[in-house]
2 protein chains.
Amino acid sequence: MAHITTSIEYGIHCLLWLVGSGDRAMSSRDLAELQGVSPSFLAKIFPKLEKAGIVAASEGVRGGYRLARPADAISFLDIVDAIEGEKPLFDCQEVRERCALFAGGTPAWATDGVCAVHAVMLQAEKAMRDALAAQSLQDVATRFGRKVPDDFFGSVEAWVGDRISGRTGRARPARESPG
Amino acid sequence: MAHITTSIEYGIHCLLWLVGSGDRAMSSRDLAELQGVSPSFLAKIFPKLEKAGIVAASEGVRGGYRLARPADAISFLDIVDAIEGEKPLFDCQEVRERCALFAGGTPAWATDGVCAVHAVMLQAEKAMRDALAAQSLQDVATRFGRKVPDDFFGSVEAWVGDRISGRTGRARPARESPG
DNA sequence: ATAACGCGGACTAGTACACTCCGCGTTTGA
DNA sequence: TCAAACGCGGAGTGTACTAGTCCGCGTTAT
């Protein structure tokens with residue numbers, strides 16, 4: 001099991017689909033089905049991204065989400081903190097205060113400053129956060145864009161457009177007709 | 001809650017007490033009571049440190065643990081891995097394979113190499129592990145030693161010696177007598 | 001007016017962590 | 001020699017968090 005959860009993983013993958021989708025909003029359900037993950041679970045993640053100012057929501061029938069700012073201004077750290085809520089890597093139990101030799105009262109020198117063990121963990125956490133902060137959504141999207149075949153994003157556009165118009169009845173009235 | 005657990009915290013604090021205690025073994029119960037933590041819980045942690053070659057155990061009535069190698073050859077990363085077992089920071093769900101556009105078969109270009117999101121997380125994990133590997137037990141013990149008053153380690157020696165001899169009856173036969 | 005949206009609360013199953021308890025074999029010292 | 005102090009390991013227990021579902025609400029386009 002991991003400290004960086006699957007919620008974060010799903011969130012990042014969704015945001016990557018939103019990079020370059022311009023002003024067209026995508027619903028969380030479409031993003032879920034496009035990626036083969038649980039729609040109801042994704043629906044729990046997006047409000048967190050919205051409260052953090054990473055995506056902007058539009059309500060109503062053609063509503064959905066789009067990036068609230070340029071993809072190069074959204075770091076992986078932003079996303080992790082938005083979804084997980086800045087949970088520390090390490091939760092210091094202040095063992096140093098409980099030494100048996102301090103029966104009755106802990107001396108001042110023992111609790112002065114940050115616990116030495118805690119300090120090491122904070123340093124490690126900072127190293128991790130710095131690494132996450134150094135990667136933007138745009139970086140990874142660009143890296144991914146170089147891998148895909150030329151017609152891929154065209155296919156995605158078609159798939160999304162097909163779904164929206166299919167639901168609102170402007171096109172494809174035949175398939176999956178009720179009854 | 002934290003990914004670096006309290007087991008690791010307790011383990012590190014114990015090992016710090018063992019730095020400089022030379023060839024005298026300390027029992028896990030003494031280490032627990034010296035620090036005010038659960039003896040039975042500590043007893044679950046030490047066998048992991050022993051299997052990892054960080055401490056050496058001696059059995060029997062005056063048995064206990066001592067460091068298996070010099071404190072400057074034991075890094076925080078060694079301890080974390082010994083107790084937690086090298087759990088990854090991130091568990092990739094391979095979302096990229098499940099794209100709805102890949103109905104039936106995922107193309108080779110999509111699964112080529114490491115997932116781009118996973119790659120970022122691996123980089124962040126490496127940054128954290130490097131930071132932990134850069135800190136040795138000796139580093140922190142030295143840093144702590146500069147904080148304590150001159151007679152502190154003497155008091156510790158006395159406390160430990162008192163406990164051992166008190167239990168085996170060589171001294172202090174009076175206090176806490178039964179009945 | 002209906003249906004697709006986002007929103008949020010309540011709920012569930014599984015798992016991990018912190019912690020306890022017990023019984024075993026080993027070793028020492030009274 | 002026998003009890004007590006050790007380490008060792010397995011089997012628990014309670015709590016908390018994660019992943020995931022379900023429902024009803026207000027909003028909005030067709």
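Proteins get letters first, then strands, A, B, ... in listed order; numbering begins at 1 in each.
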Problem - Phosphate-side-chain proximity, A:Ser27 and C:dA4, N/O vs OP1/OP2 below 4.0 Å - result: no
Practice task
Answer yes or no: does a side-chain N or O of A:Ser38 lie under 4.0 Å from OP1 or OP2 of D:dG20?
Solution key: no
Exercise for the section: Go through the structure and list residues passing side-chain hydrogen bond (donor to acceptor under 3.5 Å, both in side chains) with B:Gln138, not counting sequence neighbours. Expected result: B:Thr142
Exercise for the section: Not counting sequence neighbours, list each pair that qualifies as a salt bridge (charged side-chain N to carboxylate O under 4.0 Å, His left out) and has a residue in residues 133-149 of chain B. Expected result: none
Which atom pairs link the protein and nucleotides 8-15 of chain D when you take only N or O atoms and keep those under 3.5 Å?
from: D:dC8; atom 1: OP1; to: B:Glu50; atom 2: OE1; distance (Å): 2.8
from: D:dC8; atom 1: OP2; to: B:Tyr65; atom 2: OH; distance (Å): 2.4
from: D:dG9; atom 1: OP2; to: B:Lys51; atom 2: NZ; distance (Å): 3.0
from: D:dG10; atom 1: N7; to: B:Lys44; atom 2: NZ; distance (Å): 3.1
from: D:dG10; atom 1: O6; to: B:Lys44; atom 2: NZ; distance (Å): 2.6

Fill in the blank from the handout: The salt bridge (charged side-chain N to carboxylate O under 4.0 Å, His left out) partners of B:Arg96 (sequence neighbours excluded) come to B:Glu94
Exercise for the section: Would you tell me if any nitrogen or oxygen in the side chain of A:Lys48 comes within less than 4.0 Å of OP1 or OP2 on C:dG6? Expected result: no
Exercise for the section: Examine C:dG6: is either OP1 or OP2 under 4.0 Å from a nitrogen or oxygen in the side chain of A:Ser28? Give yes or no. Expected result: yes
Completion exercise
Per the under-4.0 Å heavy-atom filter, residues of residues 9-21 of chain A near DNA chain D come out as A:Tyr10
Problem - salt bridge (charged side-chain N to carboxylate O under 4.0 Å, His left out) contacts in which one or both residues fall within residues 100-128 of chain B, not counting sequence neighbours - result: B:Lys126-B:Asp130
Exercise for the section: Kindly say if B:Ser7 contacts the phosphate of C:dA18, meaning a side-chain N or O under 4.0 Å from OP1 or OP2. Expected result: yes
Exercise for the section: Just call it for B:Thr6: base, sugar-phosphate, or nothing, with non-hydrogen atoms closer than 4.0 Å on any strand. Expected result: sugar-phosphate
